[in-house]
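Following: one structure in structure tokens, then a few remarks.
Naming: A, B, ... by sequence-line order, numbering from 1 per chain. Because the structure is predicted, anything quoted here is derived from the model rather than measured.
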Amino acid sequence: MSAGADDGGVGDGADRTPSPRADVCVVGSGPAGALAAHRLAGAGADVVVLEAGPRFDFDERREQQEEFIRPGMGDPWEMGGARDAYTDSGRGYPLNAARVKGVGGSTLHWQGMVMRLHERDFELESRHGVGVDWPIDYEDLRPYYAAAERALGVAGAADNPYAPPREEPFPLPAFPPSHSDSLFAPACERLGIDMHSVPNARNSEPYDGRASCQGYGTCKPICPSGAKYTAESHVAKATEAGARIVDHAAVQRLVHDDAGETVEAAVYATPDGTERRQPADRFVLAAGGVENARLLLLSASELYPDGLANSSGAVGRFFMDHLFAGAGGQLDEPTRQNHVGFNTSETHQFYDDTDPVEGMKLEFLNYAGPSPVMQALGAETWGEELLEQLQASYGTHVAMGGLVEQLPDADNRVTLDPDVRDDHGNPVPHIEWSLSERTRGALRRANEIQHAILEELGVDVEWTVGPEATGPAYHQMGTTRMGTDPATSVVDADCRAHDLPNLRIVGSSVFPTGGAMNPTLTIAALALRVAESMAESV
Amino acid sequence: MELTRRDALAALSAVGAAVGGGVLAGRFDPPRADDAAGNGDEATDADEGVSLSTDLLALLDAVAEVVYPDGVENRRAFVDSYVVGRVADRPDYRAGLREAAAQLDAVARDWYDAPYADLDADTRDLLLRDLGVETADPDPEGPVTDRIRFFLVNDPLFAFYTSPTGGRLVGIENPIGYPGGIESYQRATMSPADDGAGGDG
């Protein structure tokens, strides 16, 4: 296809001019935006999705896999540069490792773990006097969790005694435990710790037109088989249902009407710098935990000088992530690591404990120790000497990981940095992120349990990631929190902006608290709930 | 251990080169020195001023002999199949590979008055180490040592250790990049080698 005048300088000839009319304009094509777009288009709405990044060709996934494995080939998802510039302070936050801009959003590089939040996660303040309650509870979300599991294609088993109640089996059978999981099992049994399966958004058998897992071992950040769910799946379904997807269309700001009561248009820019205006009756903001807040702040006006939908002052505040806790070492027997890039067992046994009250879930890793391939490519020798190094280092590593909850803190926040501009001249996001002493304490508790298990297994613990070395799990949450009080929250229980009723915000930015479960299933469930309520009036 | 055509196809699979074994032989005419003078099908600016005094594939095999462990059988056929498939649809990669090879060859002729492939293995090894390739950052657009590391050392190592045979040598029959882990991740020991299944993938 030749380049066209309307393709925004991309050179692919695709029409990137605005649609003449739209019932709904969705900003972002990650799981929240894609699921909402699909459901709304299926209900008959005229839907336009604006995506800042490109559309990645699935046929090039193995080349992207090589880019991941081989040093010197660049980022397979093309993150970085002026388009994705940001600044940070406090502990520092590796934003461009934590997100992907493209059709499918960050599900392009996610690992695919999908758990429901527990009941306590919705009632943390009422039950334990910390954090804040959600305006909905588990029962409100329960049917949408089930729908989300069907949509994503979750492989799982009802073997988790600590999971919240569910009424139906997972759509796909769970992946059986790995060999290294079986090594952990006797040690955990002696300690009275329950191991159970991991719900994975990864096909254990063919599902929804996608292949079953073949075990390339590079799930995060690349699945060449297509077994791992990405939101590309629902982008395709949305397209089939009539939605229009415009890639390379970075939204610059949302524009409201004269009265400041509704959003009228999304102004987006294409790579050639041309700004275009997409009007719609309703808007769904689904650009991720950082860009959702940034876009509202960039949309400041005379009526909303502190940013759109920000009468509460909460936009950008309460930024949260999950903290990684881990430990590992070596055994005197083969541990068979790095065959697959996902986990098959974990324990939620300590999740609902009250000392500490922060949620934690612990994982038994299947990718401990170096991968021989990647080690070879970074080695400072070759030939027989390299082989001896690889043989000495592969085969006996074992490790545990885990996620620890971070409670909301108004000082952890996303703002605009006026001193640094992106490729369109907009202030870049500035992330202030630090850990509290109580979060550090929760991390120490996670390490204690991990050490106890590893030592019972007979591992000489060689490394620990705790309060000092921890990093984020790349789950950006909380920056447009939901709540019943417009003075303290950005959206209501239906994810509708308190200030502008035709603006919905979806994604983990609406989470009032983050629990310690990987957020994407909850993101999906909330998106389906929002889409259902919107579809009623299509 | 013997590298098979199946290993080469596995390595090609890891780089997204979906080339069937039956069409490999006819797909690629190995570049020679005279290609750089304009007789090749895709001579580029990068080729100007450098030339290969021998087949590119012979040079790559000579590097592979150095960077692969001892006792690898059928190495030349593996290298040929992998490289042919690897560059078949990637002209930019082929140009970078040729340039790095020509640079290495030029150094060999400068230092030892012989093409790289004609040197004995110990000298080839020493030349790479003296160039600093051991500690170079693999970078296709970096200084010559970085490019040699990227195109001439890391690429054959990538091919070798993502193949089942290379992986087995280390202790994992399904290294990352090679599909098969889902069949093996529950096993306590390495599965028996499957040596009898053809080779055309």
Identify which part of [X] has an atom lying under 4.5 Å from any heavy atom of chain B, answering side chain, backbone, both or neither.
X	answer
A:Tyr367	neither
A:Pro177	backbone
A:Thr344	side chain
A:Thr381	both
A:Glu67	neither

Practice problem: Verify the neighbour count for atom CD of B:Glu2: are there more than 12 heavy atoms of other residues, nucleotides or ligands below 6.0 Å? | Solution: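 Enclosed.
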
Quiz item: Should we say atom CG of B:Asp120 is surrounded by more than 12 heavy atoms from elsewhere, each under 6.0 Å from it?
Solution: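 Yes, the 6.0 Å shell around CG holds more than 12 heavy atoms from other groups.
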
Please check if the side chain of [X] supplies one atom and the backbone of [Y] the other of a donor-acceptor pair under 3.5 Å.
X	Y	result
A:Arg70	B:Phe150	yes
A:Gln391	B:Gly171	no
B:Tyr185	A:Pro176	yes
B:Asn174	A:His339	no

Quiz item: Would you call B:Glu173 and A:Arg336 a salt bridge, using N to O less than 4.0 angstrom?
Solution: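 Yes.
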
Quiz item: Among B:Asn154, B:Val63, B:Val153, whose side chain to side chain contact (heavy atoms under 4.5 Å, CB included) with A:Trp382 holds?
Solution: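 Testing A:Trp382 for a side chain to side chain contact (heavy atoms under 4.5 Å, CB included) against B:Asn154, B:Val63, B:Val153 leaves exactly one candidate, B:Val153.
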
Quiz prompt | Sole residue of A:Leu377, A:Ile69, A:Leu386 in side chain to side chain contact (heavy atoms under 4.5 Å, CB included) with B:Tyr161 | solution =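 For B:Tyr161, the side chain to side chain contact (heavy atoms under 4.5 Å, CB included) test succeeds with only one of A:Leu377, A:Ile69, A:Leu386, which is A:Leu386.
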
Which atoms form the tightest heavy-atom contact between [X] and [Y], and what is the distance?
X	Y	result
A:Cys213	B:Ile182	O-CG2, 3.4 Å
B:Arg90	A:Glu63	NH2-CG, 3.0 Å
B:Pro175	A:Val373	CB-CG2, 3.8 Å
B:Pro69	A:Leu387	CB-CD2, 3.6 Å

Quiz item: Partners of B:Phe151 by ring pair (Phe, Tyr, Trp, His ring centres under 6.0 Å), sequence neighbours excluded?
Solution: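 Counting only residues at least two positions away or on another chain, B:Phe151 forms a ring pair (Phe, Tyr, Trp, His ring centres under 6.0 Å) with B:Tyr93.
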
Exercise. Among the options B:Glu141, B:Glu65, B:Met190, B:Glu183, pick out the one with the most heavy-atom pairs lying under 4.5 Å from chain A.
Key: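 Ranked by contacts with chain A, first place is B:Met190.
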
Practice problem: Could you tell me which of B:Asp139, B:Val72, B:Asp155 has the largest number of non-hydrogen atom pairs under 4.5 Å with chain A? | Solution: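 The option with the most such pairs is B:Asp155.
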
Go through the atoms of [X] and report whether side chain, backbone, both or neither lie under 4.5 Å from a heavy atom of chain A.
X	result
B:Asp125	both
B:Arg129	both
B:Asp137	neither

Practice problem: Specify which of A:Ser371, A:Pro334, A:Gly341, A:Pro224 makes the most heavy-atom pairs with chain B at under 4.5 Å. | Solution: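 Ranked by heavy-atom pairs under 4.5 Å with chain B, first place is A:Ser371.
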
Atom pair [atom1] ([X]) and [atom2] ([Y]), whose distance is rounded to the nearest 0.5 Å:
X	Y	atom1	atom2	result
A:Ser178	B:Arg187	OG	CZ	13.5 Å
A:His179	B:Thr189	NE2	OG1	8.5 Å
B:Arg86	A:Glu66	CZ	CD	4.0 Å

